**Q** 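Structure incoming, see below.
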Amino acid sequence: MRKILIVGAGQSGLQLALGLNAAGFDVTVMTTYTGREIYDGSVTSTQCMFGHALETERAIGVDLWADSGHRIDALGVTVRAPDGARAIDWLGRLDHYAQSIDQRVKFSAWIEKVEQAGGNVVVNATTVTDLDKLAARYDLTIIAAGKGELVDMFDRDNERSTYTEPQRALALAYVHGMAPRPEHPNSGAVRLSLIPGHGELITIPALTRTGQCDILFWEAIPGGTLDVFTPGAAPSETLTTILELMRTYAPWEHERCAKVELTDQGATLIGRYAPIVRHPVAQLPSGGLVLGMADVVVANDPITGQGSNNAARFADTYLKAIIEHEDRPFDQAFMQATFDSAWKRVATCTAWTNAMLAPPPPHVLDAIGAASTTQAIADRFANGFSNPDDFTWLLDPGQTALYLSHAQSVGEGGS
Ligand SMILES: Cc1cc2nc3c(=O)[nH]c(=O)nc-3n(C[C@H](O)[C@H](O)[C@H](O)COP(=O)(O)OP(=O)(O)OC[C@H]3O[C@@H](n4cnc5c(N)ncnc54)[C@H](O)[C@@H]3O)c2cc1C
């Protein structure tokens with residue numbers, strides 16, 4: 001039986017481990033924290049996953065929250081005008097539901113599932129020295145340690161990395177008690193409020209330890225008016241600041257928050273990081289090779305909510321490649337080719353995400369505006385979050401103009 005070592009018990013590592021377990025591999029997962037510690041800890045993401053990514057979980061039977069009642073069925077965009085009013089406001093319908101399952105809930109359950117399936121889970125904050133001793137005992141070692149320190153083993157890919165500095169400062173809180181939008185009382189929708197020159201507010205329905213909740217998530221342009229959060233602040237203080245900024249910059253979402261309260265004392269997160277693409281194969285001091293996966297090698301800003309979706313795409317790609325490789329050696333050529341296949345599935349997503357961090361060019365503004373009068377454009381925009389490869393139309397001004405004129409001539413009313 002072929003032995004695979006996976007370092008990191010997150011979206012990609014656990015999804016791959018569960019898939020490999022089911023396919024008959026001998027899998028070991030190294031994790032810094034036990035499932036219990038993850039469950040009892042603080043939130044780590046907003047982790048909204050759309051239909052295409054959820055399908056990769058469903059394919060290997062690990063979509064444990066399909067019957068939870070938690071569903072996201074739409075994605076809306078609001079743009080703030082200079083006078084503070086809503087210049088644009090529309091809602092696109094998703095063809096397939098999305099979900100945001102608190103990673104504390106998901107990863108702790110998946111760790112248990114790996115163990116139940118006969119996989120080995122080892123609690124160890126793995127170092128390069130550990131790996132140097134361990135890797136030779138496995139047929140393949142995969143590093144799925146998110147944005148942890150092991151990323152330093154992998155060199156930056158300068159051609160594919162757009163930025164060298166964080167493009168947003170991040171602050172979020174999970175809350176109970178948020179009211180629905182009055183105009184769509186029955187819709188569980190992700191809402192993206194664009195505050196030109198300042199940043200973005202994203203609100204996301206989610207399922208946490210204490211049931212259904214909403215996440216209030218600010219993406220602040222560094223050094224700007226929204227970049228006011230203090231790492232290490234008390235959760236209540238972070239929530240107060242989030243709400244004050246909402247009152248000033250996104251009152252249409254603030255008015256939904258009259259009764260909100262934190263879901264728990266670990267319900268806030270503050271941070272920032274630079275988006276980066278890394279080369280996928282790293283060499284250990286004694287010469288062994290390891291393969292990077294998901295955030296380790298492609299870490300995008302969460303402005304488009306794609307990191308977990310990409311992690312699922314990576315896990316799905318690596319799973320198929322490992323199975324199809326049968327008993328041939330997992331050498332450097334295999335590692336590079338496997339990453340290359342995954343890159344094809346996340347390259348457009350990365351380009352689109354990086355574009356969203358820059359001030360929007362006129363053709364993107366045209367598209368966002370057109371979505372408020374033509375429902376088909378709003379729906380296509382929303383469904384692009386599930387299948388970002390479709391966003392090639394938005395990345396090119398000529399294609400955008402062609403698509404918009406076609407969609408508008410076919411014509412449909414706005415939401
Ligand atoms: C504020 C914020 C909001 C986000 N919102 C979204 C969203 O809405 N939608 C979306 O798709 N994505 C979102 N993301 C991104 C998403 O959470 C990540 O991209 C995704 O979890 C990455 O999966 P991964 O498998 O690479 O790593 P992770 O899921 O981060 O898992 C890595 C694991 O490795 C462990 N680890 C680290 N170092 C070691 C070590 N040395 N030894 C052992 N274990 C180790 C960590 O503890 C962790 O459990 C968001 C991220 C942030 C920060």
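In what follows, residues are counted from 1 in the order of the sequence shown. Given the structure is predicted, the values throughout are model-derived calculations rather than measurements. These numbers come from the heavy atoms of this one structure, side chains and all, not from hydrogens, waters or symmetry mates. Whatever order the structure lists ligands and atoms in, that order sets their numbers, starting from 1.
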**Q** I'd like the name of whichever of Val29, Val298, Leu172 reaches closest to atom 1 (C) of ligand 1 through any heavy atom.
**A** Leu172
**Q** Classify the ring geometry between Trp352 and Phe385 as parallel (under 30°), tilted (30 to 60°) or perpendicular (over 60°).
**A** perpendicular
**Q** Tell me whether Ile38 has any N or O atom under 3.5 angstrom from an N or O of ligand 1.
**A** no
**Q** Report yes or no: does Gln47 have a heavy atom closer than 4.0 Å to ligand 1?
**A** yes
**Q** If we only count N/O pairs under 3.5 Å, is Tyr273 in contact with ligand 1?
**A** no
**Q** Hey, can you tell me if Tyr249 and His198 have their rings parallel, tilted or perpendicular (30° and 60° cut-offs)?
**A** tilted
**Q** What is the minimum heavy-atom distance between Phe25 and Met1, and which atoms define it?
**A** C-SD, 3.7 Å
**Q** Taking both backbone and side-chain atoms of Ala294, is any N or O found less than 3.5 Å from an N or O belonging to ligand 1?
**A** no
**Q** Would you mind running through ligand 1 and noting each atom that sits below 4.0 Å from a heavy atom of Gly146?
**A** 26 (O), 27 (O), 30 (O), 32 (C)
**Q** Without hydrogens or angle criteria, can the side chains of Gln332 and Gln336 be said to hold a donor-acceptor pair below 3.5 Å?
**A** no
**Q** Which of the listed options, Ser45, Ala9, Gly13, Ala53, holds the heavy atom that is closest to atom 14 (N) of ligand 1?
**A** Ser45
**Q** Find out whether Ile322 and Phe334 are in side-chain contact, i.e. whether some heavy atom of one side chain is under 4.5 Å from a heavy atom of the other.
**A** yes
**Q** I want to confirm something. Looking only at heavy atoms, which of Thr32, Leu16, Asn300 is nearest to atom 44 (N) of ligand 1?
**A** Thr32
**Q** Quick one about Thr353 and Asp301 (side-chain donor to acceptor, distance below 3.5 Å, no hydrogens or angles considered), yes or no?
**A** no
**Q** I need the atoms of ligand 1 closer than 4.0 Å to a non-hydrogen atom of Leu150, numbered in the order shown.
**A** 41 (N)
**Q** Which of the numbered atoms in ligand 1 are below 4.0 angstrom from a heavy atom of Ala311?
**A** 23 (O)
**Q** Under a 4.0 angstrom heavy-atom cut-off, which atoms of ligand 1 come close to Asn124?
**A** 42 (N), 43 (C)
**Q** Should one rank Val190, Thr126, Leu14, Asp295 by closest heavy-atom distance to atom 26 (O) of ligand 1, which comes out on top?
**A** Asp295
**Q** Does Tyr39 have Arg209 sitting over its ring (NZ/CZ under 6.0 Å from centre, angle to axis within 45°)?
**A** yes
**Q** Centroid separation under 6.0 Å, is that true for the rings of Trp90 and Phe381?
**A** yes
